[in-house]
K.L.:
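Pasting a structure here, questions to come.
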Protein chains: 2
Amino acid sequence: MRMRSIRNLETQGHLLTSQRRLLLSLISNSGEHMDARELYQRALSNGASISMATVYRCLHLFKELGLVDEIWLGQTRCFYEIKQPAQHQHLVCRGCGKVIEFESPLISKLTNKLQREKGFNVTNAKLHFEGYCQQCQDKAN
Amino acid sequence: MRMRSIRNLETQGHLLTSQRRLLLSLISNSGEHMDARELYQRALSNGASISMATVYRCLHLFKELGLVDEIWLGQTRCFYEIKQPAQHQHLVCRGCGKVIEFESPLISKLTNKLQREKGFNVTNAKLHFEGYCQQCQDKAN
DNA sequence: TTAAGTGCAAAGGCTTTGCAGCATA
DNA sequence: TATGCTGCAAAGCCTTTGCACTTAA
């Protein structure tokens, strides 16, 4: 069965080019979060014919179609990941840069509370924690 | 009594220039969150002699000294605010761009849980909600 | 076949930096 | 007076865009 994201592309009048197919598969198969440059470089090392312009254009399209999520972590880096049905949040280690994902029911509690108390309709919640992972703490001692 | 941030500057061997004083007061007195460009323009309209280079250099210094917090909201904009003792989070309206601040004890609960269960030592927590505020929802109906 | 997508190169923003002159303490 | 700071202008990145060529369906 084909990826949901590929079906979405096709059913919305967009072409499924080799570049788009590769980018989607890189984003969904890699465990790590990649920014535009990293995606470009991985695509190149897969032997693809692709340019940064195409990477950016595809990422915009994917975002628009709701196929990927754009995540801003800390400083200036923007990462992409295939949109997940379950909300999950990010924990970034300031020591080694590792990104740990986690889920928490507290987020939806908070979302509901904001809706109730402030009338604010939350469409998107990002929780971003920074700190030091166990290993980096051990290393420091 | 002088601002805490000004004392911090002085006690750490940094000069208190007119540009730094003005930037700190703009950041702490404005209710809104401003990015580098907005700060620069407000400083200019206050009649200051200042350049973008100085704005960036000062913001880096303030951040390093822990005087201001840098907040990444959504796309590409980075805002600054005077560091607050109490943690507060941001709610951004996708309709009008308004930024609402709120606090929640759930954050520290979650922080403690991550420490306990994953050994992750959280130094910084940012919660970023997007959605539509009451007025924008009303307008849409 | 043809609308849509791509690559290239140039342009646009934002941010950083080298250097000479200026200002705080 | 002596560091440290500032402004200017240039350079560095990342991202976007115009245009001619290519490709999926």
Side-chain angles (χ1 to χ4, degrees), chain A residues 2-3 5-26 33-65 67-68 70-80, chain B residues 2-3 5-26 33-65 67-68 70-80:
Chain A
R2 325 196 62 175
M3 285 173 62
S5 45
I6 287 183
R7 289 201 315 276
N8 281 25
L9 258 190
E10 291 173 328
T11 56
Q12 302 197 37
H14 298 278
L15 298 184
L16 180 56
T17 63
S18 60
Q19 291 88 345
R20 287 178 182 173
R21 191 174 9 228
L22 176 56
L23 287 175
L24 282 172
S25 97
L26 285 174
H33 295 90
M34 290 175 288
D35 63 10
R37 170 152 302 277
E38 279 162 4
L39 276 167
Y40 171 64
Q41 282 165 347
R42 294 223 190 173
L44 280 189
S45 64
N46 270 255
S49 149
I50 198 169
S51 67
M52 276 302 287
T54 294
V55 173
Y56 281 113
R57 281 188 282 226
C58 288
L59 288 174
H60 285 171
L61 176 68
F62 297 165
K63 214 172 28 162
E64 199 180 300
L65 296 180
L67 305 182
V68 302
E70 194 181 67
I71 302 149
W72 289 87
L73 297 177
Q75 319 315 324
T76 15
R77 310 195 59 194
C78 175
F79 298 86
Y80 295 86
Chain B
R2 326 195 61 174
M3 285 172 61
S5 45
I6 287 185
R7 289 201 313 278
N8 281 25
L9 258 190
E10 291 173 329
T11 57
Q12 303 197 37
H14 298 278
L15 297 185
L16 180 57
T17 63
S18 61
Q19 291 88 345
R20 287 179 182 172
R21 189 169 14 223
L22 176 57
L23 288 175
L24 283 172
S25 98
L26 286 174
H33 295 89
M34 292 175 288
D35 63 10
R37 171 152 302 277
E38 280 162 3
L39 275 168
Y40 171 63
Q41 281 163 348
R42 294 224 190 174
L44 280 189
S45 64
N46 271 255
S49 149
I50 198 169
S51 67
M52 276 304 286
T54 294
V55 172
Y56 281 113
R57 280 188 283 225
C58 288
L59 288 174
H60 285 171
L61 176 68
F62 297 164
K63 214 173 28 163
E64 199 181 300
L65 296 180
L67 305 183
V68 302
E70 195 181 65
I71 302 149
W72 288 87
L73 297 177
Q75 319 315 325
T76 17
R77 309 194 58 193
C78 175
F79 298 86
Y80 295 86

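A note on names: the letters A, B, ... follow the listed sequences, proteins ahead of strands, and every chain is numbered from 1. Here the structure is a predicted model, which is why all the values come from computation and not from measurement.
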K.L.:
With rounding to the nearest 0.5 angstrom, report the NE2 to CG distance, B:H14 to B:L61.
P.N.:
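CG of B:L61 is found 5.0 Å from NE2 of B:H14.
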
K.L.:
Taking CD1 from B:I50 and C1' from C:dC22, how many angstroms apart are they, rounded to a whole number?
P.N.:
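Those two atoms, CD1 and C1', are 15 Å apart.
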
K.L.:
Using a cut-off of less than 4.0 Å, is there contact between a side-chain N or O of B:R57 and OP1 or OP2 of C:dT16?
P.N.:
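No, B:R57 has no side-chain N/O under 4.0 Å of OP1/OP2 on C:dT16.
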
K.L.:
Between B:Q19 and B:S49, is there a donor-acceptor pair closer than 3.5 Å when you use the side chain of the first and the backbone of the second?
P.N.:
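A pair under 3.5 Å: yes.
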
K.L.:
Where the side chain of B:C58 is defined as all heavy atoms beyond and including C-beta, which of D:dA25, D:dT6, C:dT6 is the nearest nucleotide?
P.N.:
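From the listed options, D:dT6 comes nearest.
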
K.L.:
Would you kindly give the CZ-to-C1' distance between B:R37 and C:dC14, to the nearest whole Å?
P.N.:
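The answer, rounded to whole Å, is 8 Å.
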
K.L.:
If you define the side chain from C-beta out and look only at heavy atoms, does anything of B:I50 sit under 4.5 Å from B:L22?
P.N.:
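No, every pair of side-chain atoms sits at 4.5 Å or beyond.
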
K.L.:
If I take atom CD in residue B:E38 and atom C1' in nucleotide C:dC14, what distance separates them, rounded to the nearest angstrom?
P.N.:
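Spelled out: CD on B:E38 to C1' on C:dC14 is 14 Å.
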
K.L.:
Which residue, B:R20 or B:A53, contacts DNA chain D at a nucleotide closer to its 5' end, judged by nearest heavy atom?
P.N.:
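Result: B:R20.
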
K.L.:
Take the protein atom CG of B:L44 and the nucleotide atom C1' of D:dT6, then report the distance between them rounded to whole Å.
P.N.:
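Atom-to-atom, B:L44 to D:dT6, this comes out as 14 Å.
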
K.L.:
In whole angstroms, how far is the P atom of C:dG12 from the CE atom of B:M52?
P.N.:
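Between P of C:dG12 and CE of B:M52: 18 Å.
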
K.L.:
Considering just the side-chain nitrogens and oxygens of A:H60, establish if one lies under 4.0 Å of OP1 or OP2 belonging to D:dT16.
P.N.:
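True: A:H60 side-chain N/O within range (under 4.0 Å) of D:dT16 OP1/OP2.
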
K.L.:
Given D:dC5, is OP1 or OP2 found less than 4.0 Å from the side-chain N or O atoms of B:T17?
P.N.:
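For D:dC5, OP1/OP2 do not have a side-chain N/O of B:T17 under 4.0 Å.
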
K.L.:
Any idea which heavy atoms bring A:R20 and A:L15 closest together, and the distance?
P.N.:
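Taking A:R20 first and A:L15 second, the nearest heavy atoms are NH1-O, 2.8 Å.
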
K.L.:
Could you tell me the separation between the CZ atom of A:R21 and the P atom of D:dT23, rounded to a whole number of Å?
P.N.:
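My rounded result for the distance is 14 Å.
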
K.L.:
Within the pair B:Q19 and D:dG7, is there a side-chain N or O less than 4.0 Å away from OP1 or OP2?
P.N.:
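Looking at the OP1 and OP2 atoms of D:dG7, one of them is under 4.0 Å from a side-chain N or O of B:Q19.
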
K.L.:
Would you indicate, yes or no, if D:dT6 has its OP1 or OP2 atom less than 4.0 angstrom from a side-chain nitrogen or oxygen of B:S49?
P.N.:
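False: B:S49 side-chain N/O out of range (4.0 Å or more) of D:dT6 OP1/OP2.
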
K.L.:
Nearest whole angstrom, please: distance from the P of D:dG4 to the CG of B:L65.
P.N.:
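For the pair B:L65 CG and D:dG4 P, the rounded distance is 14 Å.
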
K.L.:
With B:L59 as reference, evaluate B:L23, B:T54, B:L39 under the side-chain contact (heavy atoms from CB on, under 4.5 Å) test and give the passing residue.
P.N.:
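By the side-chain contact (heavy atoms from CB on, under 4.5 Å) criterion, B:L59 pairs with just one of B:L23, B:T54, B:L39: B:L39.
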
K.L.:
Which whole-number value in Å describes the distance from B:L15 CG to D:dT1 P?
P.N.:
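Rounding to the nearest Å, CG of B:L15 and P of D:dT1 are 17 Å apart.
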
